[in-house]
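Have a look at the structure below before the remarks.
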Amino acid sequence: MTGPAVPFREIVLKVHSRCDLACDHCYVYEHADQSWRTRPKTISDHVIARTAQRLAEHAKTHALPSVSVILHGGEPLLAGPSRLRRVCEEFGSALSGIAALDLRIHTNGLQLSPRYLDLFDEFDVRVGISLDGDRTANDRHRRFADGRSSHPLVLKAVELLRQDRYRHLDLGLLCTVDIANDPHAVLDALVALDPPLIDFLLPHATWDEPPPRPDGSPTAYAEWLLAVFDRWQEEGRPVPVRLFSSVLSTLGGGPSLTESLGLAPTDLVVVETDGRLEQVDSLKSAYEGAAATGFDVFSHSFDDVAAHPGIRARQLGLAGVSETCRRCPVVRSCGGGLYTHRYSPANGFDNPSVYCADLEALVRGIQARTSAAGVSPAVADRDELVAEQHDLTRTLLAGLHDALDGRGGARWDEAWGLAGVLESCEEGAAGLDRVLAHPYTRTWLLDVMEGLHAARPEAVGHALRLASYVAAAAVRSGLDMEVAADYRDGRLFLPTVGELRLAEPGEAGRVRVRAAGEGFSVRREGEGERIVRRGAGSPDWLPVRHFTAGSAPGFALDDLDPYRDCFESPAAPRLGPKGAEAWAGAVGRAWELVEQAAPRQAADAATTLTTLTPLVTGRSARRPHGYGTVGLVMTGDTRKLARALLRGLRRAGLRALLDVTDLYALDGAWEYRLPWGRNAKVPFSGLLAETYERVGLSFLDPEFMDGVPEALDMMEGAAEPTVGGMRLLSSLRDEVGGVHGTSGMNTLMNAVGHELVR
């Protein structure tokens with residue numbers, strides 16, 4: 001095991017080791033480990049003080065912003081109000097000025113009263129209550145030792161916690177699953193209590209003591225939970241359910257929200273009533289002493305126990321699950337299941353969960369039920385992708401404003417204010433939208449943000465280019481607004497508009513820019529006003545040129561923008577008139593070829609592609625840019641240029657998707673051999689990028705389809721793709737089928753086989 005131990009952010013403090021119920025599914029009293037019999041009933045003042053001191057040391061050492069302390073048992077309320085007050089005061093005092101303290105208590109609720117809740121209100125202790133559903137379901141396991149029902153008293157506690165004066169303390173309900181109960185009745189009973197959260201827990205079991213399966217079904221627990229999920233969906237998800245939210249989060253590329261699922265490392269330690277430090281106490285289900293570490297709060301720090309092999313084994317993420325789990329496509333969501341549930345006497349914890357089939361069926365069932373609703377609209381709709389890209393640029397601009405935090409001074413404030421004026425009218429907003437949607441605006445924003453983060457001295461000066469973007473928007477909108485903008489190296493550059501030479505190279509200054517008829521006026525201090533016509537070039541004025549290609553509405557030929565050098569090949573210098581005409585002509589012929597071979601791709605591109613930039617042969621560092629641009633190295637081979645154009649379109653499209661949605665997670669955890677002739681292994685991201693590109697190119701050159709079906713099979717069976725990623729793979733399948741339908745490439749069908757059409 002390598003790497004530093006993960007610090008503990010959560011401790012479970014056993015304040016009382018006995019209980020007033022006799023639940024037959026309790027891991028503390030009814031399972032393999034019976035160490036509770038030798039422990040003090042109630043935690044002592046000495047253990048409380050020492051534990052608080054240890055936690056404060058740990059939080060300070062690791063600069064933790066907050067820590068959680070969960071009061072637990074047995075039944076923690078049996079410790080009594082005085083003892084619980086002592087806990088709250090001791091931990092609050094120890095952590096004051098070091099870390100925020102999040103206090104919680106998990107209880108069966110039988111002893112809950114206003115006296116306790118007033119105490120919890122004083123110290124902001126939030127309360128979770130265990131309840132297994134309606135009376136029939138709850139009484140199946142949660143009874144008193146003499147067999148009496150606990151249900152009426154638990155409901156009384158829940159109703160007390162729901163009162164307005166205590167509602168802010170409500171953590172929600174914990175429900176242990178029993179497949180003998182009616183899943184709909186259980187959910188309805190819990191939802192009727194209007195909790196802030198429901199947490200369904202699988203009953204603790206191991207391969208040595210597997211869970212009951214009365215009908216023998218290997219997925220009985222998944223079927224029960226999916227019945228709950230369907231009811232929850234039908235009712236509009238009235239209450240958050242942690243188990244379902246966690247699966248949905250991981251399917252979308254996000255984190256797990258519960259210890260029982262996902263690959264997040266454990267950050268929890270248990271302190272028993274005698275001060276012994278233990279691993280998560282569900283391990284008591286495995287065997288006698290499974291949770292023990294040999295450490296205690298008197299002689300050992302939390303860092304000592306964090307380095308314990310048992311703790312470290314649960315901090316390894318993917319490397320900590322069994323080989324079977326590492327090969328499973330749903331491992332990101334299930335995480336191999338709860339560590340306890342993996343135990344067998346033969347292999348220890350190096351097994352899949354005893355609920356393995358259930359977890360896979362649950363994840364796949366939720367994925368199938370929510371795949372369309374859970375996908376970013378950008379994956380399915382080109383207009384949505386453009387809108388989300390535009391929102392991203394605006395978000396970056398707002399983030400830059402916040403990051404400057406006044407460092408831009410009056411010049412930034414003036415430009416920012418004028419941007420707000422433009423936003424206030426329809427013409428101005430349209431002009432500003434057009435400039436912000438320019439692909440290289442994104443490059444400027446990201447460059448400045450990176451510079452500010454790295455504390456580069458020139459970053460604030462680069463941020464002040466905002467005035468040029470605002471001036472360009474004002475010119476494009478035709479509004480009678482004067483904008484002060486900077487010129488550098490003797491030149492004023494207005495993004496999407498053009499470049500004006502105002503002085504000798506090396507000179508810098510400010511000018512006033514105002515829209516004027518078909519162009520704009522520029523005035524330097526002490527000089528007269530100069531009128532520039534946007535569409536007419538001159539030795540001093542270089543406009544951004546535009547050209548048309550095929551049936552597309554037209555593109556900007558941008559060989560001026562200072563941030564255009566963001567492709568794999570270097571940006572070409574400004575083309576002369578004849579060079580620009582030849583370049584546009586060659587691209588036009590390539591575009592017509594793309595329209596013939598891949599009409600759908602051409603039609604999509606015609607609505608999103610705004611800018612083409614000439615490149616020269618060579619290698620350059622690729623930098624981020626916004627959606628809507630392709631860089632091309634000129635060649636006289638029309639087919640080769642068409643291929644480069646298609647390749648650029650595909651790369652830009654996939655990159656734009658990745659900007660706004662998670663298509664995969666855990667990239668790099670597995671490697672895949674490329675199936676098209678190169679003996680190379682790549683991460684999932686590389687396989688997806690090359691497959692996405694090759695599908696597009698296959699419309700023009702069928703040989704690019706070689707290996708694509710195999711690649712799609714690999715990715716659809718992989719663990720990395722999110723719901724959005726699976727949707728994209730499905731669309732690629734459809735697109736592959738479209739090769740035959742839209743282009744009539746019957747020879748391609750014969751070459752790669754009917755397996756392409758599904």
Side-chain angles (χ1 to χ4, degrees), residues 386 430-431 433-435 437-441 443 472 475-476 493-500 518-520 532-567 569-599 601-617 625-653 700:
V386 173
D433 280 345
R434 178 64 186 85
V435 173
H438 183 49
Y440 307 136
T441 300
T443 311
V475 169
R476 295 186 70 93
F493 178 72
L494 301 179
T496 76
V497 179
E499 178 183 283
L500 178 66
E518 296 297 316
F520 59 96
V532 178
R533 291 183 58 198
R534 284 177 53 191
S538 71
D540 289 338
W541 168 239
L542 304 177
V544 173
R545 293 171 291 210
H546 295 79
F547 69 100
T548 58
S551 60
F555 308 110
L557 193 169
D558 197 332
D559 52 4
L560 287 172
D561 197 296
Y563 287 94
R564 72 189 187 281
D565 198 5
C566 51
F567 300 95
S569 296
R574 173 74 171 186
L575 300 178
K578 290 185 178 180
E581 184 178 353
W583 196 89
V587 172
R589 290 188 292 274
W591 184 266
E592 290 173 358
L593 184 55
V594 170
E595 285 186 325
Q596 294 168 14
Q601 291 190 65
D604 284 345
T607 64
T608 57
L609 183 63
T610 63
T611 307
L612 290 164
T613 289
L615 308 179
V616 295
T617 303
H625 58 71
Y627 193 31
T629 186
V630 170
L632 294 171
V633 176
M634 184 47 53
T635 173
D637 185 332
T638 299
R639 191 172 192 83
K640 186 176 180 181
L641 189 58
R643 190 184 300 135
L645 182 57
L646 261 178
R647 181 178 285 111
L649 291 172
R650 298 295 284 194
R651 289 179 178 177
L700 191 62

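Computed over heavy atoms, backbone and side chain alike; hydrogens, waters and symmetry mates excluded. Numbering of residues begins at 1 and proceeds along the displayed sequence. Note that the coordinates shown come from a computational prediction; the quantities given were computed from them, not determined experimentally.
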Taking C-beta and beyond as the side chain, do [X] and [Y] meet within less than 4.5 Å on heavy atoms?
X: Val544; Y: Thr496; value: no
X: Phe520; Y: Leu494; value: yes
X: Arg545; Y: Asp559; value: yes
X: Asp558; Y: Thr613; value: yes
X: Arg643; Y: Leu646; value: no
X: Leu649; Y: Gln601; value: no
X: Tyr440; Y: Pro495; value: no

### Query
With sequence neighbours excluded, what pairs up with Thr635 under the side-chain contact (heavy atoms from CB on, under 4.5 Å) test?
Asp637, Lys640, Leu641
Kindly compute the distance separating [atom1] ([X]) from [atom2] ([Y]), expressed to the nearest 0.5 Å.
X: Trp583; Y: Leu632; atom1: CH2; atom2: CG; result: 5.0 Å
X: Arg434; Y: Thr610; atom1: CZ; atom2: OG1; result: 5.0 Å
X: Leu645; Y: Leu609; atom1: CG; atom2: CG; result: 7.0 Å
X: Asp561; Y: Thr611; atom1: CG; atom2: OG1; result: 9.0 Å

#### Entry: Val633 backbone acceptor or donor facing Thr617 side chain under 3.5 Å
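Judged by distance alone, no pair lies under 3.5 Å.
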### Query
Got a donor-acceptor contact below 3.5 angstrom from the Arg564 side chain to the Pro614 backbone?
no
Considering all heavy atoms, the nearest [X]-[Y] contact:
X: Tyr627; Y: Gly653; value: CE1-CA, 4.0 Å
X: Phe493; Y: Glu499; value: CD1-CB, 4.0 Å
X: Met634; Y: Ala586; value: SD-CB, 3.6 Å
X: Pro553; Y: Thr548; value: O-CG2, 4.1 Å
X: Ala549; Y: Phe555; value: CB-CE1, 4.0 Å
X: Ser569; Y: Val616; value: CB-O, 3.3 Å

### Query
Hey, mind stepping through Leu612 and Val630 against side chain to side chain contact (heavy atoms under 4.5 Å, CB included) and telling me if it holds?
CA-CA 5 Å; Leu612 290 164; Val630 170; 3.8 Å; yes
### Query
Relative to each other, are the rings of Phe567 and His625 parallel, tilted or perpendicular (30° and 60° limits)?
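It falls in the tilted class, 30° to 60°.
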### Arg639, CZ atom: more than 12 neighbouring heavy atoms under 6.0 Å
yes
